[in-house]
Chemist: 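Dropping a structure here in structure tokens format, bear with me for questions.
Each chain gets a letter, A, B and so on, in the order the sequences are listed, and its residues count up from 1.
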Amino acid sequence: MHRYRTHTCGALRPDHAGQDARISGWVHRKRDHGHLLFVDLRDQHGVTQCVADSSSAVFKILDAARPETVLCITGKVVPRSAETVNDKLPTGRIELVAKDAEVLSEAAVLPMQVAGEQEYSEEMRLTYRFLDLRREKMQQNLLLRSAVIASIRRRMWEAGFVEFQTPILTASSPEGARDFLVPSRIHPGKFYALPQAPQQFKQLLMTSGFDRYFQIAPCFRDEDSRADRSPGEFYQLDFEMAFVTQDDVFNTITPVLAGVFEEFGKGRPVTKAPFPRITYADAMLKYGSDKPDLRNPLLVSDVTKAFEGSDFNLFAKNIQKGAVVRAVPAPKSAEQPRSWFDKLNDWARENGAGGLGYVIFGEGMAAKGPIASKLSPERLKMIAETVGVGPGDSVFFACDQEEVAAKFSGLVRTKICDELGLLDKEKFMFCWIVDFPMFERNKDTGQIEFSHNPFSMPQGGMEALTTQDPLTIKAFQYDIVCNGVELSSGAIRNHRPDIMYKAFEIAGYTQADVEARFGGMLNAFKFGAPPHGGSAPGIDRIVMLLADEPNIREVICFPMNQQAMDLMMDAPAELPPEKLRELHIGLRLPPPRKD
RNA sequence: GGGGGCGUAGUUCAGUUGGUUAGAACGUCGCCCUGUCACGGCGAAGGUCGCGGGUUCGAGUCCCGUCGCUCCCGCCA
């Protein structure tokens, strides 16, 4: 008999009745009847009920074992009588009559319970993550994560991709998020950086002649956390393809993603390939977001014309100053009480808007509401037709400068959808967002900057850069969005040094700047680089969607908390002076807080 | 850096208009119980009400400050 187990805790069935078996695992629950004791022993694979009565030699050992004690129990597999079968457990038709028991590891009194549905603060869960991870939901989430990654690997291999690892200690990148830095012992005063993404390396692999590369790549960014953004580090399905157009990239990765979501989506419908493509401009207009949740059926419309020169002075004056009006329909809301509209108005104020104008279309399209009387029948008709509403619907308005109005109308769209319960949650709805602008004007400095990845190829290439207003140039830059979550950004890259110099020149960088910052990659492109492009869907976010978890930390084994601290390992931590000396580092700390 | 929410037993929470000894559940410990599977019954221990200050005859409760956790904004090429 094996030292620890002949079966896992999920394996035994009535077929095994009469056999001697040995199982090892954690004490999940105990039911103590005085002279009869039930112990549920748990491992990754399941739970098995073990039983002993007070005449048994092992009774004392089992009786003394606290929950989460690790036991090895040997005994006879016995079928349960009809009245004692437990249909909730796969092993519920048998039990193990304990003949021998060994404590493999004693458990102290627990700070949090593993069995049961009790909810615990995240602080508690992360401090005792090893206990938290024993719980059923977390086991499921992480097993799902493992299976998703395995499936992605298989699908990528089948699509002809090869997997490589790229450096973790690399150079700081001047664009993008803050880097995590690692001091060099050998080179005083110099630092490595952890990669924000293997961006340049994957482009160099293309230049090295590999046709299709992928990697489940760790990425490090020193940015503040969000529910869908773990601080510090996360994983991407990083991939890149040579000699491809944007369509080739879409056609290659769409079946991978659709396949993974169909495989693990538990029957929830998934957008069929090809995924719809929405231009960035359209997304901002119709959804008020560059990551629209297509499960939300509402569409935003521009109704500036209906308010231009109208008697509703507030909007009319703003329009003269360049503002636009965006409208969000609220189907079948005309019967909502006045308080419903007032509540939404308050909500708008809390979210930084002046308020939320609305018109209610009653029976026969009779318009009601505070601003309805200021709008002529023609204007009201224009609004109803543009927005696509009829009797019984209402329409909400956001009036501001275009960018602000677009963003706020997106918030309103989400809010109205929530209020009216219009979101179809049991779906995965994908889309590509395409035609991102290449450049944008920095609101504070007035400078023209890259709006996304500086390595993206401008649409129209060199000609566009030399002849077009930079702010009108689009890039071969795209995002993939699922249920309002941005899964990844990608692009057809700029593999031409001449076009790169020009693009950077427009963003205010000299040739020397570009060489200093991106010398490695730029140099490589001077020796023959294939046209290439790719993307990098976020693994954690994919698993989060599939697990139906609202928080990305639910699908990460050992995440840091919002303050970027690992409560279990106690990181970050101070270092002894000799270690700092070795790294040529002196501390200049902020003054201590007054107490 | 800014805003919202939360902070009471080991844990999750309740705690009325400011008023006697701050409660419940789970967990822990003890006793009883031979068919439970969220076993049950009886009992016990367990509290700096995050911390500091203030108002008051009296503060878990009101005020000010501060710390911690979390969600959001900024940030995230």
Chemist: Which nucleotide wins on minimum distance to the side chain of A:M124, given the candidates B:rG35, B:rC69, B:rU11?
Modeler: B:rU11
Chemist: Counting only pairs under 3.5 Å, give me each side-chain donor-acceptor contact of residues 91-98 of chain A, with atom names and distances, residues two or more places apart or in other chains.
Modeler:
residue: A:T91; atom: OG1; partner: A:V47; partner atom: O; Å: 2.5
residue: A:E95; atom: OE1; partner: A:Q49; partner atom: NE2; Å: 2.9

Chemist: Applying salt bridge (charged side-chain N to carboxylate O under 4.0 Å, His left out), which residue pairs with at least one partner in residues 106-122 of chain A are found, sequence neighbours left out?
Modeler: A:E122-A:R553
Chemist: Phosphate oxygens OP1/OP2 of B:rC69: is one of them under 4.0 Å from a side-chain N or O of A:Q563?
Modeler: yes
Chemist: What pairs of donor and acceptor atoms, side-chain ones from residues 223-230 of chain A against any protein atom, are under 3.5 angstrom apart with sequence neighbours left out?
Modeler:
residue: A:E223; atom: OE2; partner: A:R178; partner atom: N; Å: 3.1
residue: A:R229; atom: NE; partner: A:D224; partner atom: O; Å: 3.2
residue: A:R229; atom: NH2; partner: A:D224; partner atom: O; Å: 2.6

Chemist: Report yes if a side-chain nitrogen or oxygen of A:R125 is closer than 4.0 Å to either non-bridging phosphate oxygen (OP1 or OP2) of B:rU70; otherwise report no.
Modeler: no
Chemist: Can you tell which of B:rC39, B:rC76, B:rU70 lies closest to the side chain of A:N561?
Modeler: B:rU70
Chemist: Side-chain donor or acceptor of A:R31 under 3.5 Å from a matching atom on the base of B:rC33?
Modeler: no
Chemist: When you measure from the side chain of A:H33, which nucleotide among B:rU34, B:rC75, B:rC37 comes out closest?
Modeler: B:rU34
Chemist: What stem regions, each of at least 3 consecutive Watson-Crick or G-U pairs below 3.5 Å, can be found for RNA chain B?
Modeler: B:1-7 with B:67-73, B:10-13 with B:23-26, B:28-32 with B:40-44, B:50-54 with B:62-66
Chemist: Figure out the CD/P separation between A:E119 and B:rU12, and round it to whole Å.
Modeler: 11 Å
Chemist: Choosing from B:rC26, B:rC76, B:rU70, which nucleotide comes nearest the side chain of A:R553?
Modeler: B:rU70
Chemist: OP1 or OP2 of B:rU36 less than 4.0 angstrom from a side-chain nitrogen or oxygen of A:Q49, does that happen here?
Modeler: no
Chemist: Applying salt bridge (charged side-chain N to carboxylate O under 4.0 Å, His left out), name anything that partners A:R31, two or more places apart in sequence or on another chain.
Modeler: A:D40
Chemist: Taking atom OH of A:Y478 and atom CD of A:Q246, what is their separation to the nearest 0.5 Å?
Modeler: 6.0 Å
Chemist: Side chain of A:D53 only, heavy atoms from C-beta on: which candidate in B:rU34, B:rU11, B:rC26 is closest?
Modeler: B:rU34
Chemist: In whole Å, I'd like the distance from the CD1 atom of A:I552 to the P atom of B:rC71.
Modeler: 12 Å
Chemist: The side chain of A:R226 is closest to which nucleotide in this list: B:rC75, B:rC33, B:rU36?
Modeler: B:rC75
Chemist: Go through residues 75-84 of chain A and report each residue with a non-hydrogen atom lying under 4.0 Å from RNA chain B, sorted by number.
Modeler: A:R80, A:T84
Chemist: Planes under 30° and centres closer than 5.5 Å, is that true for A:H35 with the base of B:rC33?
Modeler: no
